[in-house]
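Labels below follow one simple rule: chain letters A, B, ... track the order of the sequence lines, proteins then strands, and each chain is numbered from 1. For the numbers below, each heavy atom of this structure counts, side chains included, while hydrogens, waters and symmetry mates do not.
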Amino acid sequence: MSNNLEIDGINDHTFSVVVDNESGVLHRVVGLFSGRGYNIDSLTVSEIDRDEGYSKITIVTSGTAPVIAQIRAQLERLVPVRKVSDLTRDGRSVQRELALIKVQGTGEKRIAAMELADKLNAQVVDSTAESFVFEIVGSSDTLDRFIDEVKQLGLVDVSRTGIVAIARGAEGM
Amino acid sequence: MVGNRLTGGEIILRALGDQDVDVLFGYPGGVTLPLYDKIFQQNKIRHILVGHEQGGVHAAEGYARSTGKTGVVLATSGPGATNTVTGLVDAMMDSIPLVCITGQVVSSLIGNDAFQEADTTGITRAATKHNYLVRSTDDLARIIHEAFYVAKNGRPGPVLIDIPKDVILDTGEYVVPEDVSPRNYKPKTEGDEDKIKEAVDLLAVARKPIIYVGGGVINSGPEASKLVEKLVDLTGYPCTTTLMALGALPASHPNFLGMPGMHGTYEANMVMHECDVMLNIGARFDDRVTGKVDGFSPQSKKIHIDIDPSSINKNVFVDIGIIGDAQGIVKKLIEGWSEKDIEKSSDLKPWWNKIKAWREINCLSYKQGDQVIKPQYALERLREIVNGDDVYVTTDVGQHQMWAAQFLHFEEPNRWMTSGGLGTMGYGVPAAMGVQVAHPNSKVICVTSEGSLMMNIQEMATISKYNLPVKIFNLNNKVLGMIRQWQELFHGNNESECDLSSGVDFIALAKAFGFKAIDIVDPAEVDSGISQMLEIEGPVFLNIAVDRNENVFPMIPAGAAHNEIVLGPNQSIQNVGAENNVMA
Ligand SMILES: Cc1ncc(C[n+]2csc(CCOP(=O)(O)OP(=O)(O)O)c2C)c(N)n1
Ligand SMILES: [Mg+2]
């Protein structure tokens, strides 16, 4: 058997990590990634249950299969980590991201931006005579596409949440 | 006591008492004064006033490693806390259970760059297995009990508790350990039955097996070492123990091959290279053991037992990974093997014949002339003279450490304390102090050299203050020997910044610290010097002038494979450039 661990290609993986809601826990998770040289492509965190005191962190990372296995094992070693699930490995999942996108412009550009928003299901959440803020929810690809296209139409600012994900089907984490 | 509530300081001491702590290695400061006031008013827990907080942590490590208990350190905020960091990382790397309590500035000042404030939990997050900042005195008892649980369970490690001064002064509820259930941290200890069966099947068909034992066996407790010995007896397989595991199998056992790795024996490394089945029990395929991973044990099927799931397939791919505590798993391996009624001795003959030939190379040989003392000789004489005694050995880091690992023999676990993973110069003296505190009537010997010695020399004062009969065995080569060796072998013999010959008068210094000091330079004096060191009561410093130019062999250059081992000065190191070599 080869000892070489870099045996297959690099793939994206989405981890859902349930953690105790205590100070420093995000630092612990992020520090683990930076300290061991793993990538973070996206990271979101929010409290899920105040009474039970836990939060969920969704991390999109990438690596070869052995690196992904290491990441999981390393996450599971952290004392405040309750559960780790590799949504990419363990089955199909729904992944969503939200972006707020500010576009400035008048006349034809403004109309074109509205049409594009309609096409991609983006909502207007703020508007002035020469600007819109759109809200768009979807896969990261959809968000990328929208942002790419409004670049010519007066894009001035973007805020994205990063990916949140959940497994498909009836089972909870 | 205020009502039925206790002050934070009282809670800390009561919790430590309930955790069976009998000694603290500490150093006071402004924010821990209220705790020290409580320490003053009791005599259940002994406090050792160390010379430096780093020394305190290494002392607690020595205490922990020699007893199997959790070591406890107490430091103040700011500089006290930052001084513990090297020790904490050392304990982290070698999986040593510690609880380190640090004081913090009062809660209302946190974040204000207050006097002696440091973000201790931030700084030590990567230096500890876990850490806590206590926000309320009511949380204190629970956190302390949980910290002891976390330090000891799963893969052991250091846990730090940062306690603001107001939390020490306020009152809160005390809870007993039995009422604290550590929330989610429940490491898996029982190995998977199916995997254990598979492992037995694989072991049973081996023709060229090796049992490779690591520090996890020591951490699993003395019973685990006994079971490893039983497994070795039962199977008749050869066994190698890592730097961390010396003593897990008695060195006198006929199947013991010595230590593997960079300065391991020829036979251990050749067996690791050529084996067909490797059973790793509680070792972590450290790069100092594997050498070049691509060339590591290329033909073997590998079984890896480890309590830390992240150790499996981290450095080396294995065929069977078994997660859990070594003791229980080895017991099951023994049961599985016994049920199968396997008789291996004839199958193993060719393998043992090969091993015999490798052993006959006599890779640890050296020549002692009548002029200069060889460090190997001094250690060999020490081994013979203390043979059979109740001895604990600590070391510092460098050539002397490797020679001590090669030449001193350990018949039991927990007798050998060395900084393996971090390679911390300055470990040896304070660690010996901690061992001696735990074992007041045993002989505790610190094998060191003058470079490392200087890094925590202040603890010599602590040793004599408490009249701890520690023996310091200083292999004085007047050089950072391991640095000089690498410069000789890999950097064209350019001795850059390693010379210590202008030197310190260590005899005078040892005396100033209150040690009895003995100086020897002649090979003929070695035996009498050692005997004197052992006979004199109280702390003794034995300074042994040794050959400055001696190198540690065998050596697998970093980045080379096991079969590229270099046996001695006459065999040149080829194929490996300096850029591949990462220094200790
Ligand atoms: C704190 C620390 N600094 C630097 C090193 C790098 N280092 C490894 S061995 C060594 C030389 C040790 O010299 P000495 O203690 O005299 O031991 P010798 O090799 O001479 O036996 C050095 C500097 C280290 N391991 N630890
Ligand atoms: Mg030296």
**Student:** Quick check on A:Glu22 against chain B: is it the side chain, the backbone, both or neither that has a heavy atom closer than 4.5 Å?
**Tutor:**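 Just its side chain gets close to chain B.
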**Student:** Once you measure the plane-to-plane angle for A:Phe132 and A:Phe134, does it fall in the parallel (<30°), tilted (30-60°) or perpendicular (>60°) bin?
**Tutor:** tilted
**Student:** Using the rule given for side chain to side chain donor-acceptor pair (under 3.5 Å), can you reason through B:Asp276 versus B:Gln299, listing the C-alpha separation, both sets of side-chain angles and the distance that settles it, and then say yes or no?
**Tutor:** CA-CA 6 Å; B:Asp276 64 354; B:Gln299 290 127 38; over 6 Å; no
**Student:** Shorter than 4.5 Å, heavy atoms on both sides: which option in B:Thr290, B:Val150, B:Asp308 has the most such pairs with chain A?
**Tutor:** B:Asp308
**Student:** Answer with yes or no after comparing the ring centroid distance for B:His130 and B:Tyr185 against a 6.0 Å cut-off, counting only values under it.
**Tutor:** no
**Student:** Can you tell me how far the CE atom of B:Met93 sits from the CG atom of B:Asp286, to the nearest 0.5 Å?
**Tutor:** 7.5 Å
**Student:** Answer with side chain, backbone, both or neither: which region of B:Asn131 has an atom nearer than 4.5 Å to a non-hydrogen atom of chain A?
**Tutor:**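 Its backbone and side chain both get close to chain A.
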**Student:** Side-chain donor-acceptor pair under 3.5 Å between B:Ser107 and B:Asp166, yes or no?
**Tutor:** yes
**Student:** Need one label for B:Leu133: side chain, backbone, both or neither, based on atoms under 4.5 Å from any heavy atom in chain A.
**Tutor:**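 The answer is neither part of B:Leu133.
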**Student:** For each of A:Asp20, A:Leu32, A:Leu78, tally heavy-atom pairs with chain B at distances under 4.5 Å, and name the one with the top tally.
**Tutor:**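 So the answer, after comparing A:Asp20, A:Leu32, A:Leu78, is A:Asp20.
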